Amino acid sequence: MVKLSHENFIKARDYIFANGDDINRAWFKYLFENNDTNEFLNVLQKYQHENGGFGGIYYEFDYQGPCLKATEIAVKYILNLKEKPPANHPLIQNMMKYILGLYIPEIGNWGEVVVPEVNDGVHCYWVRYRGEDTSPIENEDERIKKYKANEKVCFAAFVSYYSELVPKELYSDIIKYPTEHILRYWDKNSPDYNKEIFDKGEPYDFEYFQWFVPCLKDKDTADKLTSILRQNPTAFMELDFARSDNDYVHLPCDVVKHPKSIIYPAVKDLVLNSLKYRMGQQSDDGRWPLGWSFGDDEGLQKLQTKYETYLTLAMLEKLDRFDMIGI
């Protein structure tokens with residue numbers, strides 16, 4: 001198997017330490033130096049606000065206050081730790097209070113993941129606050145049908161991961177909507193199967209569901225959802241790898257980020273081949289570039305540097321998971 005050379009690993013590490021922030025450096029140290037969960041959590045906790053939400057760890061806007069979008073990144077860190085933090089850890093408990101406090105039972109989901117203040121600072125246009133409609137959806141079947149997993153089902157994953165912190169009835173309500181949405185609308189054998197989901201080809205729900213399903217306590221249900229999500233695994237993947245040189249596309253290794261992914265067995269060769277292609281996109285300075293621009297504005301360029309640092313660290317993490325970094 002082709003592996004990233006030690007020289008290129010060092011280049012990437014140096015780029016991360018030169019351009020990253022405390023959380024980037026702490027995550028690198030956790031992954032490649034000490035695996036010290038408590039040390040990493042101590043750094044992550046510095047980005048947690050009094051209300052339990054996180055800020056300053058998402059790089060498509062410069063707003064530093066708490067919001068669900070930044071808290072999503074904290075969820076990702078927690079779920080990717082090799083050792084599960086205890087449920088009584090203050091960071092976890094405060095995080096759960098924040099997440100549950102923003103759940104909207106009347107729609108069976110969370111609302112907008114950014115706050116209006118995001119628009120006041122430098123931000124990429126696709127993450128601006130657009131307002132939100134939280135009008136109650138009275139019919140449960142309609143709530144299931146309209147369920148939006150993108151950016152939100154990761155909070156349901158966190159709720160399931162730490163279900164002991166959630167009232168039983170509320171837990172069941174939160175888990176029900178994404179579960180039933182997959183069962184009804186993603187399964188080719190369901191009378192409600194929605195082929196449009198796959199025709200549109202947007203990968204986001206598919207990627208977020210890979211966070212959610214492994215966290216389910218009911219393994220029979222998890223297995224059933226896994227088999228459904230494997231029915232059409234390449235629908236959301238760009239198989240012309242060269243398009244990723246200058247365009248925003250999702251290669252198989254962008255959709256399936258871990259060998260433990262529930263989708264990986266169905267697309268193993270595609271994931272490994274695309275990861276090899278991504279490896280070759282590393283720049284001479286050690287970073288993995290986007291291949292496209294946030295914009296020409298100085299503020300957006302600064303954000304892009306932060307984002308590419310985060311992306312570079314994510315690439316090293318991914319390559320390490322697949323044992324594709326040379327000694």
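Everything numeric in this text was worked out from a predicted model, so none of it was measured. Note that these values count all heavy atoms, side chains included, but never hydrogens, waters or copies made by symmetry.
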Partner of Y177 under side chain to side chain donor-acceptor pair (under 3.5 Å), chosen from K148, K146, R143
R143
For the side chain of Y147 and the backbone of G108, is there at least one donor-acceptor N/O pair under 3.5 Å apart?
no
Which atom pair, heavy atoms only, marks the closest approach of Y30 to N34?
CA-OD1, 3.6 Å
Could you go through the ring pair (Phe, Tyr, Trp, His ring centres under 6.0 Å) check for F32 and F9 one step at a time?
CA-CA 11 Å; F32 298 106; F9 172 79; 5.2 Å; yes
Between E180 and R184, is the closest basic N to carboxylate O distance under 4.0 Å?
yes
Can any side-chain N or O of N119 pair as donor or acceptor with the backbone N or O of Y129 at less than 3.5 Å?
yes
Looking at D173 and K176, is there a salt bridge between them, counting it only when a charged N and a carboxylate O are closer than 4.0 Å?
yes
Quick one: are M95 and Q93 in side-chain contact, heavy atoms under 4.5 Å?
no
Quick one: do K69 and E72 make a salt bridge, cutoff under 4.0 Å?
yes
When you measure from the side chain of K152 to the backbone of W110, do you find a donor-acceptor pair of N or O atoms at a distance under 3.5 Å?
yes
Axial cation check for Y162 ring with K84, 6.0 Å and 45° limits:
yes
Salt-bridge criterion met for K318 and D254 (N-O under 4.0 Å)
yes
Between D62 and K306, does at least one N-O distance fall below 4.0 Å, as a salt bridge requires?
no
Going from CE on M279 to OG on S5, what distance comes out if it is rounded to the nearest 0.5 angstrom?
9.5 Å
Compute both the distance and the angle, then confirm whether K29 meets the cation-pi test with F40: under 6.0 Å from the six-membered ring centre, within 45 degrees of the axis.
no
Any chance you could lay out the side chain to side chain donor-acceptor pair (under 3.5 Å) test for Y310 and D21, step after step, and finish with the verdict?
CA-CA 9 Å; Y310 171 76; D21 52 19; over 6 Å; no
Donor-acceptor side-chain pairing of N80 and R321 below 3.5 angstrom
yes
I'd like to check V113 versus E151 (side-chain heavy atoms, cut-off strictly below 4.5 Å). Are they in contact?
yes
Does the pair D14/K11 count as a salt bridge with the N-to-O cut at 4.0 Å?
no
Please work out which of the three classes, parallel, tilted or perpendicular, describes the rings of F294 and Y307, given edges at 30° and 60°.
tilted
